[in-house]
Chemist: 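Encoded as structure tokens, here's the structure I'll be asking about.
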Number of protein chains: 2
Amino acid sequence: MSDIFFISIFDTNYNMFSKASEYGIRAAIHLAHLSKKGERCSLRQVAKAIDSPVAFTAKVLQLLARDGIIVSFQGPTGGYEIPKESLSLVHLSDIVKAIDGDSIYNGCGLGLESCNEKKPCPLHFQFKSIRDELKEMLQTTSVQELAKGLEYGMAFLKR
Amino acid sequence: MSDIFFISIFDTNYNMFSKASEYGIRAAIHLAHLSKKGERCSLRQVAKAIDSPVAFTAKVLQLLARDGIIVSFQGPTGGYEIPKESLSLVHLSDIVKAIDGDSIYNGCGLGLESCNEKKPCPLHFQFKSIRDELKEMLQTTSVQELAKGLEYGMAFLKR
DNA sequence: TGTAAATCGGATAATATCATCCAATATAAT
DNA sequence: ATTATATTGGATGATATTATCCGATTTACA
Ligand code: FES
Ligand code: FES
């Protein structure tokens with residue numbers, strides 16, 4: 001009859017990645033998709049394709065460009081692209097690292113200063129196992145690979 | 001000679017769990033540790049044991065108490081404890097769910113409205129694999145189990 | 001050379017998360 | 001009964017993250 005509502009003091013929401021990283025990954029996949037066809041893409045087009053706020057996406061793309069993960073061009077006909085040669089070299093770990101830093105590699109699951117095998121938190125070994133798999137996945141998954149899913153409408157960057 | 005400094009616009013920091021969840025898990029492990037010995041623990045003692053801000057920890061413990069994960073007692077000799085009977089029944093998933101909600105069960109890794117196999121994001125299958133393992137780990141790991149690590153100084157809740 | 005279209009970069013605003021403060025309530029012990 | 005000690009709950013403050021705005025710069029093209 002009546003549902004139970006959980007009225008929480010906190011509105012915290014679990015998120016594996018930060019918004020910035022999410023946009024960064026989505027954008028990179030879209031750019032990879034177009035770059036494969038030799039097409040360049042403007043900020044506005046990227047934001048539309050991945051359904052993200054334009055100005056914020058600009059900041060994220062700037063970070064990726066500074067890190068050399070994508071290449072930016074100013075002026076008319078400008079925009080962003082990923083050079084064909086490096087298309088297979090861009091992995092998710094590069095993007096996350098450029099945006100969120102490398103705390104993913106040394107962070108403790110329970111929030112201790114840093115993950116330390118010598119003085120581990122109680123969750124260390126269980127957590128490390130998962131974190132290592134996540135790390136491995138990010139390091140071995142290329143944007144090119146993920147862009148393939150877009151080609152035949154098998155995957156989507158927005159809904 | 002000189003290091004390269006990454007001066008980022010963002011200061012985002014990768015974190016698997018929210019601070020609230022981190023404190024919640026740490027606190028629950030400490031309470032489990034003491035409850036096994038039949039001891040009750042005050043807010044102040046909890047905060048000291050897990051090196052967390054007192055007032056904020058109070059809010060987190062309140063949430064856990066409301067959800068019946070821990071039991072609170074007011075007045076002198078008051079504090080928090082986990083009934084011995086339920087000690088083996090409290091899993092990390094209960095704590096995370098009480099604090100961060102269940103977006104961990106249905107969230108999309110790339111930030112789409114929700115994870116949806118029918119219209120998946122390009123990272124869906126890789127992400128789902130990891131998320132399912134994390135979920136499984138949280139659902140099968142009890143605070144009692146983790147408290148054991150504390151007993152012989154094999155694990156630590158602060159440094 | 002001028003103009004329009006694009007990114008860049010700095011400042012600022014909005015929101016969410018993290019954290020603190022304090023009065024109210026409950027209760028054990030004197 | 002009174003007092004001291006503890007959690008509760010509401011309001012508020014601080015910080016981090018997300019988001020926007022706008023002038024400056026770059027550059028293709030007429
Ligand atoms: S010490 Fe906590 S995850 Fe390694
Ligand atoms: S749709 Fe993105 S993780 Fe399932």
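Chain A is the first sequence line, chain B the second, and so forth, proteins listed ahead of strands; every chain is numbered from 1.
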Chemist: Using five base pairs at each end to define the local axes, how bent is the helix from dT1(C)-dA30(D) to dT30(C)-dA1(D), to the nearest 10°?
Modeler: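 Angle reported: 0°, given to the nearest ten degrees.
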Chemist: Going by atom types only, do S88(A) and S142(A) share a side-chain donor-acceptor pair under 3.5 Å?
Modeler: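 Absent: no donor and acceptor within the cut-off.
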Chemist: Would you mind telling me which residue lines up with the more 5' stretch of DNA chain D, F73(A) or V54(A), judged by nearest nucleotide?
Modeler: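 The residue whose closest nucleotide sits nearer the 5' end is V54(A).
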Chemist: Main chain of S18(A), side chain of S21(A): is a donor-acceptor contact present, judged purely on distance under 3.5 Å?
Modeler: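 A pair under 3.5 Å: no.
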Chemist: Would V71(A) and I25(A) show up in the same hydrophobic cluster when neighbours are defined by side-chain heavy atoms closer than 4.5 Å?
Modeler: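 No, separate clusters.
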Chemist: Tell me whether the side-chain N/O atoms of Y23(A) come closer than 4.0 Å to OP1 or OP2 in dT18(D).
Modeler: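 False: Y23(A) side-chain N/O out of range (4.0 Å or more) of dT18(D) OP1/OP2.
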Chemist: Just compare dT20(C), dT7(C), dT8(D) and give me whichever is closest to any side-chain atom of P53(B).
Modeler: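 Closest of the options to the side chain of P53(B): dT20(C).
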Chemist: Checking contacts here: which listed nucleotide (dC18(C), dT20(D), dT7(D)) is nearest the side-chain heavy atoms of L43(B)?
Modeler: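 Of dC18(C), dT20(D), dT7(D), dT7(D) is nearest to the side chain of L43(B).
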Chemist: Find the distance I50(B):CD1 to dA19(C):C1' and express it as a whole number of Å.
Modeler: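 It is 14 Å, rounded to the nearest whole Å.
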Chemist: Give the residues of residues 30-42 of chain B touching DNA chain C, defined as any heavy atom closer than 4.0 Å, sorted by residue number.
Modeler: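 Within this stretch, nothing sits under 4.0 Å of the strand.
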Chemist: Calculate the interatomic distance between L63(A) atom CG and dG9(C) atom C1'; express it in whole Å.
Modeler: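 Interatomic distance, CG of L63(A) to C1' of dG9(C): 12 Å.
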Chemist: N/O contacts under 3.5 Å, protein versus nucleotides 28-30 of chain D?
Modeler:
none

Chemist: Whole angstrom is fine here: how far is it from NZ in K19(B) over to C1' in dT17(D)?
Modeler: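 Between C1' of dT17(D) and NZ of K19(B): 15 Å.
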Chemist: Throw together a table of side-chain donor-acceptor distances under 3.5 angstrom for residues 114-123 of chain B, partners on residues two or more places apart or in other chains.
Modeler:
from	atom 1	to	atom 2	distance (Å)
N116(B)	OD1	K118(B)	N	2.8
E117(B)	OE1	H124(B)	NE2	2.9

Chemist: Please indicate whether R44(A) has more than 12 foreign heavy atoms, meaning atoms of other residues, nucleotides or ligands, lying under 6.0 Å from its CZ.
Modeler: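 Count not over threshold, so no.
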Chemist: What orientation do F56(B) and Y23(B) show, parallel under 30°, tilted 30 to 60°, or perpendicular over 60°?
Modeler: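 Answer is perpendicular, since the angle exceeds 60°.
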Chemist: Nearest to the F56(A) side chain among dT8(D), dT18(D), dT20(C), which nucleotide is it?
Modeler: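 Closest nucleotide to the F56(A) side chain: dT18(D).
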Chemist: Rounding to an integer number of Å, can you tell me how far R44(B) CZ sits from dT5(D) C1'?
Modeler: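 About 10 Å, once rounded to whole Å.
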Chemist: Do side-chain atoms of T57(A) reach the backbone of P53(A) as a donor and acceptor pair under 3.5 angstrom?
Modeler: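 A pair under 3.5 Å: yes.
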Chemist: Please indicate whether K48(A) has more than 12 foreign heavy atoms, meaning atoms of other residues, nucleotides or ligands, lying under 6.0 Å from its NZ.
Modeler: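 Not buried by this count: 12 neighbours or fewer within 6.0 Å.
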Chemist: What's the closest nucleotide to the K59(A) side chain, out of dT7(C), dT20(D), dC21(C)?
Modeler: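 My answer, after comparing the listed nucleotides, is dT20(D).
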Chemist: What is the distance, rounded to the nearest whole Å, between atom CD of Q62(A) and atom C1' of dC8(C)?
Modeler: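 Nearest whole value for this atom pair: 5 Å.
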Chemist: Are the side chain of H91(A) and the backbone N or O of Q139(A) linked by a donor-acceptor pair below 3.5 Å?
Modeler: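 Checked: pair present.
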Chemist: In whole angstrom, what separates E22(B)'s CD from dT17(C)'s P?
Modeler: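 After rounding, the reported distance stands at 14 Å.
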Chemist: Sort and list the pairs that fulfil salt bridge (Lys or Arg N to Asp or Glu O under 4.0 Å) and have at least one residue in residues 17-36 of chain A, not counting sequence neighbours.
Modeler: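 Listed by first then second residue: K19(A)-E22(A), K36(A)-E151(A).
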Chemist: Sequence neighbours excluded, which residues qualify as side-chain contact (heavy atoms from CB on, under 4.5 Å) partners of N106(A)?
Modeler: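 Scan of N106(A) (side-chain contact (heavy atoms from CB on, under 4.5 Å), adjacent residues dropped) gives D102(A), S103(A).
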Chemist: Within 45 degrees of the ring normal and closer than 6.0 Å to the centroid, is that where the cationic atom of R40(A) sits relative to F73(A)?
Modeler: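 Satisfied, under 6.0 Å and within 45°.
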Chemist: Rounding to an integer number of Å, can you tell me how far I99(B) CD1 sits from dT17(C) C1'?
Modeler: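 I99(B) atom CD1 is separated from dT17(C) atom C1' by 13 Å.
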Chemist: Tell me: CZ of F17(A) to C1' of dA16(D), nearest whole Å?
Modeler: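 Going from F17(A) (CZ) to dA16(D) (C1'), I get 20 Å.
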